[in-house]
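Structure, as structure tokens:
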Amino acid sequence: LSDPPFPPDRRIRPEDVNRSGILFVLTVAALLPALLCLLCDWRINGTIVWSGFAVGGLLLLYILAVLPLWFKRPNPVIFVPIDFAAIGVFLLYVNYATGGHWFLTFALPVTGAAGLLVCAMVTLLRYLPGAALYICGGALILSGGMAVLVEFLLNLTFGLHETFLWSFYPLAAGVVLGAMLLVIAMCKPLRRSLHRKFFI
């Protein structure tokens, strides 16, 4: 028999990769250090002192990065709210474990507002892709407003300052950039010109 005209393709194809096996390895890689931290903490201190933070951080990282991979087509409209809920629960634990009083007046409203903004943006981009410029422009303006909310809650919760010092700068940047995207979205000739120049 003569040699084939082309060398055989030995590259790994996507179907050759065992998806479940990789996810199992990632799960074990998250569980093992979590269990070690719990055992060491319990052995040394006789109770849970610091390992809760490590286990919570690993669990949060797993939910954010690995959990969506268990699904063939993860829907961000579902997983983004789950991510923000997990972040809120972790912050609640940190607040409880450290004896803090900042969850209800700072962490919860900031996480909730950021979650609502991101979830709304992801949902609109998924189901209204033709309105991406409008959505991103509005999101930039609201993100600038978020900075003002964060500084207000910082001052209220921790008593840092009696007035606003820095939040108006990201607010101004968000309003300017957001308004620019809205103008581009509304002006069809400008949008076409930018599309020809930047291939977007």
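These numbers come from the heavy atoms of this one structure, side chains and all, not from hydrogens, waters or symmetry mates. Just so it is clear, the structure is predicted and the values come from calculations on it, not from any experiment.
- The two residues Leu153 and Thr105 have their closest heavy-atom pair at CD2-O, 3.3 Å.
- Taking CH2 from Trp102 and CG from Asn95, the interatomic distance works out to 5.0 Å, rounded to the nearest 0.5 Å.
- With hydrogens and angles ignored, the 3.5 Å screen pairs a side-chain donor or acceptor of Asp41 with a backbone N or O of Val49.
- Hydrophobic clustering, with ILVMFWY side chains joined whenever heavy atoms are under 4.5 angstrom apart, groups Leu171 together with Leu156.
- Follow the hydrophobic side-chain contacts under 4.5 Å out from Val148 and you reach Phe106 in the same cluster.
- The two residues Ile78 and Pro81 have their closest heavy-atom pair at O-CD, 3.2 Å.
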Practice task
Apply the test side chain to side chain contact (heavy atoms under 4.5 Å, CB included) to residues Met121 and Leu117: give CA-CA distance (whole Å), side-chain angles for both, the deciding distance (0.1 Å), then the verdict.
Solution key: CA-CA 6 Å; Met121 184 178 176; Leu117 176 59; 5.5 Å; no

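- Leu39 and Leu58 sit in two unconnected hydrophobic clusters of ILVMFWY residues. Membership requires side-chain heavy atoms under 4.5 Å apart, directly or through other members.
- Cluster annotation: Leu32 and Leu23 are assigned to distinct hydrophobic clusters (Ile/Leu/Val/Met/Phe/Trp/Tyr, side-chain heavy-atom contacts under 4.5 Å, transitive).
- Residues meeting the side chain to side chain contact (heavy atoms under 4.5 Å, CB included) test with Cys187, sequence neighbours left out: Pro189, Leu190.
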Practice task
Take Phe53 and Cys37 through the test side chain to side chain contact (heavy atoms under 4.5 Å, CB included) and record every step on the way to the result.
Solution key: CA-CA 10 Å; Phe53 303 109; Cys37 288; over 6 Å; no

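- Crowding of Phe158 atom CZ: a count of heavy atoms from other residues, nucleotides or ligands under 6.0 Å exceeding 12.
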Handout entry: Full working for side chain to side chain contact (heavy atoms under 4.5 Å, CB included) between Leu182 and Ile141
Key = CA-CA 10 Å; Leu182 293 177; Ile141 294 173; 4.0 Å; yes

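- Between Glu151 atom CD and His161 atom NE2 the span is 7.0 Å, to the nearest 0.5 Å.
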Practice task
Could you give me the CA-CA distance, side-chain angles and deciding distance for Tyr134 and Leu128, then say whether side chain to side chain contact (heavy atoms under 4.5 Å, CB included) is met?
Solution key: CA-CA 10 Å; Tyr134 291 100; Leu128 297 173; over 6 Å; no

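- Between atom CG of residue Asn18 and atom CZ of residue Phe24 there is a gap of 11.0 Å, rounded to the nearest 0.5 Å.
- Among all heavy-atom pairs drawn from Ser51 and Leu38, the shortest one is OG-CD2, 3.5 Å.
- With sequence neighbours left out, the side-chain hydrogen bond (donor to acceptor under 3.5 Å, both in side chains) criterion links Tyr62 to Thr27, Trp70.
- The two residues Ala185 and Arg191 make their nearest non-hydrogen contact at O-NH1, 2.6 Å.
- Distance check: Met180 CE to Leu133 CG gives 9.5 Å after rounding to the nearest 0.5 Å.
- Residues Leu108 and Leu154 share a hydrophobic cluster, clusters being chains of Ile/Leu/Val/Met/Phe/Trp/Tyr side chains in contact below 4.5 Å.
- Between the side chain of Asn45 and the main chain of Thr47, no donor-acceptor pair closer than 3.5 Å is present.
- For the atom pair Phe152 CZ and Ser167 OG, the distance stands at 11.0 Å (nearest 0.5 Å).
- Heavy-atom contacts from other residues, nucleotides or ligands closer than 6.0 Å to CZ of Phe164 number more than 12.
- Minimum interatomic distance between Ala34 and Val55 (heavy atoms only, all atoms of both residues): O-CG2, 3.6 Å.
- Annotation: side chain of Ile63 is in contact with side chain of Asp83 (closest heavy-atom distance under 4.5 Å).
- Counting heavy atoms from C-beta outward, Phe79 and Val122 have side chains that stay 4.5 Å or more apart.
- Considering CD1 of Ile87 and CG of Leu60, their distance stands at 5.5 Å, rounded to 0.5 Å.
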